[in-house]
S.K.: 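I have a structure I would like to understand better, so I am pasting it below and will then ask my questions one at a time.
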Number of protein chains: 2
Amino acid sequence: MSDQPHILVVDDHRDIRDLLGRYLRQHEYRVSLASDGRELRKLMADDIAPDLIVLDLMMPGEDGLSLCRWLRENHDVPVVMLTALGEETDRIIGLEMGADDYLAKPFNPRELLARVKAVMRRAQSLPVGRKGPLPGGQVHFDRWILDRTRHELRDANDVMVPLSAGEYGLLCAFVEHPNMVLNRDQLLDLTRGREAIPFDRSIDNQVSRLRKKIEHDAKNPTLIKTVWGGGYMFTCEVAEK
Amino acid sequence: MSDQPHILVVDDHRDIRDLLGRYLRQHEYRVSLASDGRELRKLMADDIAPDLIVLDLMMPGEDGLSLCRWLRENHDVPVVMLTALGEETDRIIGLEMGADDYLAKPFNPRELLARVKAVMRRAQSLPVGRKGPLPGGQVHFDRWILDRTRHELRDANDVMVPLSAGEYGLLCAFVEHPNMVLNRDQLLDLTRGREAIPFDRSIDNQVSRLRKKIEHDAKNPTLIKTVWGGGYMFTCEVAEK
DNA sequence: AGCAATTTGTATCAGATTGTCGCATTTCGT
DNA sequence: ACGAAATGCGACAATCTGATACAAATTGCT
């Protein structure tokens, strides 16, 4: 058996499926194709165990969102979502549903390849395949404990650090998407959902405020890293407990 | 025969064709023009073997999409597509799959040039066979430790050396391709991927900046060697840990 | 309702990062 | 050794980010 990573592409559009398949194979991947949710489930039941799934959001019948959720619950495999143009909401829902990354159509195959590689790298670097803990429950990171039931942050000595609602939401977004770069739009969507679009840089302020509370040295952040021109990244091992 | 790269522009609009021809010639390219699919096929049959084709999507008669597919199947040449803004999404997606890049009209000639360059340098792909470590995890080299999960560089005594996003990306590119010459285009491709195409020699500056941080004596580099006329080479034993 | 405290978006400016330019220096072919 | 071409790098401008200050909005309390 080959050691090429195995990718499963799920899209109802035949052209896209075939072209993606060809493109990924050209780049040293083993590729399987499925045209809808039924085929996806069948393949997963056959235990083909792909290393990554590329999933179209908009499909007749069962849509990508519920499929993604199903995958999350029943399989340990990273997912990259394809979302239609202009569907700002969907891409973020995709993230919330547990996709590891998304890509808006139209996209360059080259870019998809880059994301696939990046997601694989993350999946590989973490003990479990999963990128971050599911929402809910207690979470440990660095020397902190975040209790998502009580919305509280405590340090190793159980001393509580008060967080404002905004700070808490931002921290949750980070905790649920660790070790991946989140740009300001994504962070806004994750924290404020679909509400009014505030000034892009309001998030900077929140980051700044949050850093002051959780970073050992806010001037040299180790938890929330700035990615110049890209956004922010929560670089930390996150453990569900 | 000249060593200028040869570009074939296919567009039914005379003014666009001429404008592009003039602009690309100004920038050291050899340019041929075709006004429709018939001419394109004829030129290809004549074996003019362009290094790249700029192809308009919307053309009377045979459209760009089917032409692109035809090119894919019968010739090994990169294609940059021109698409009108607001065209039906599905069609665009289809074309994305076949073309190496696309550009929405109206476009800035400068931007087209950037894409053309990017696609070309991609075509001269990296040698196969990876010699360095896979992305992800910790990596040791010289007296340094590069943590690709935290995006941090530390010395043997665990003292962190702050790297900017650009410096970090460049170092990763080197670490993942050690002991092989990487030219500037390849380095740009590895660090910036698909994005804006900066002045070729911006990479020189990044190398210079990186050297100052990781070389013992930046004036006599031992880690990042200059290969005159070829690029740079990371000469170092890299160990995954 | 009235008022203070808290939270959060916006404005602003200092500092950091990065692409580009210009010129000195190095390298190579002749 | 000489000139052409390639590279090194300091300088600069454009852009991005961090942090402070402030105003608007929200909340808690009487």
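Letters A, B, ... are given to chains in the order of the sequence lines, protein chains preceding strands, and every chain is numbered from 1.
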S.K.: Scan residues 145-169 of chain B for pairs that pass ring-ring contact (aromatic ring centres under 6.0 Å, His included), counting only residues two or more places apart or in two chains.
M.R.: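 For residues 145-169 of chain B, and leaving out neighbouring residues, the ring-ring contact (aromatic ring centres under 6.0 Å, His included) pairs sorted by first residue read B/His151-B/Tyr168.
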S.K.: Output yes when B/Asp189 and B/Arg184 qualify as a salt bridge under the 4.0 Å nitrogen-oxygen rule, no when they do not.
M.R.: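 Salt bridge between B/Asp189 and B/Arg184, a charged N being under 4.0 Å from a carboxylate O: no.
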S.K.: Give a yes or no on whether A/Arg143 atom CZ has more than 12 heavy-atom contacts from other residues, nucleotides or ligands under 6.0 Å away.
M.R.: yes
S.K.: Would you kindly give the CD-to-C1' distance between A/Glu167 and C/dT6, to the nearest whole Å?
M.R.: 11 Å
S.K.: Rounded to whole angstroms, how far apart are NZ on B/Lys225 and P on C/dT27?
M.R.: 13 Å
S.K.: If you count heavy atoms of other groups shown closer than 6.0 angstrom to CG of B/Asp76, is the number above 12?
M.R.: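 Check fails, neighbour count at 12 or below.
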S.K.: Please compare B/Ile203 and B/Lys213 by the position of their nearest nucleotide in DNA chain C and report the one closer to 5'.
M.R.: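 The residue whose closest nucleotide sits nearer the 5' end is B/Lys213.
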S.K.: What is the distance, to the nearest angstrom, from the NZ atom on A/Lys219 to the P atom on C/dG15?
M.R.: 11 Å
S.K.: Does B/Arg184 make a side-chain donor-acceptor contact with the base of C/dG19, cut-off 3.5 Å?
M.R.: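 No, the side chain and the base share no sub-3.5 Å donor-acceptor pair.
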S.K.: Please tell me whether B/Arg211 and B/Thr222 have a donor and an acceptor in their side chains that are separated by less than 3.5 angstrom.
M.R.: no
S.K.: Between B/Trp228 and A/Gly229, which residue's closest nucleotide on DNA chain D lies nearer the 5′ terminus?
M.R.: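 Looking at the nearest nucleotide for each, B/Trp228 comes out on the 5' side.
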S.K.: Which nucleotide of DNA chain D is the first, and which the last, in the 5' to 3' direction, to come under 4.0 Å of a heavy atom belonging to chain A?
M.R.: D/dT15 to D/dA21
S.K.: C/dT8 C1' sits how many Å from A/Lys212 NZ, rounded?
M.R.: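 Roughly 13 Å, once rounded to whole Å.
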S.K.: Look at the side chain of A/Arg201 and decide which nucleotide, out of C/dT8, C/dA11, C/dT12, has an atom nearest to it.
M.R.: C/dT12
S.K.: Rounded to the nearest Å, what distance is computed from the CG atom of residue B/Leu163 to the P atom of nucleotide C/dT18?
M.R.: 10 Å
S.K.: Does this structure show an ion pair linking A/Glu176 with A/Arg148, if we count only N-O contacts that are shorter than 4.0 Å?
M.R.: yes
S.K.: Report the distance from atom CG of B/Asp204 to atom P of C/dT18, rounded to the nearest whole Å.
M.R.: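 Going from B/Asp204 (CG) to C/dT18 (P), I get 15 Å.
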S.K.: B/Lys213: what forms a side chain to side chain donor-acceptor pair (under 3.5 Å) with it, not counting sequence neighbours?
M.R.: B/Glu167
S.K.: So what does A/Tyr232 hit on the nucleic acid, given a heavy-atom distance under 4.0 Å: a base, only sugar-phosphate, or nothing?
M.R.: sugar-phosphate
S.K.: Which part of the nucleic acid, if any, lies within contact of A/Arg209, taking any heavy atom under 4.0 Å across all strands shown: a base, the sugar-phosphate backbone alone, or nothing?
M.R.: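 Here A/Arg209 touches the bases of the nucleic acid.
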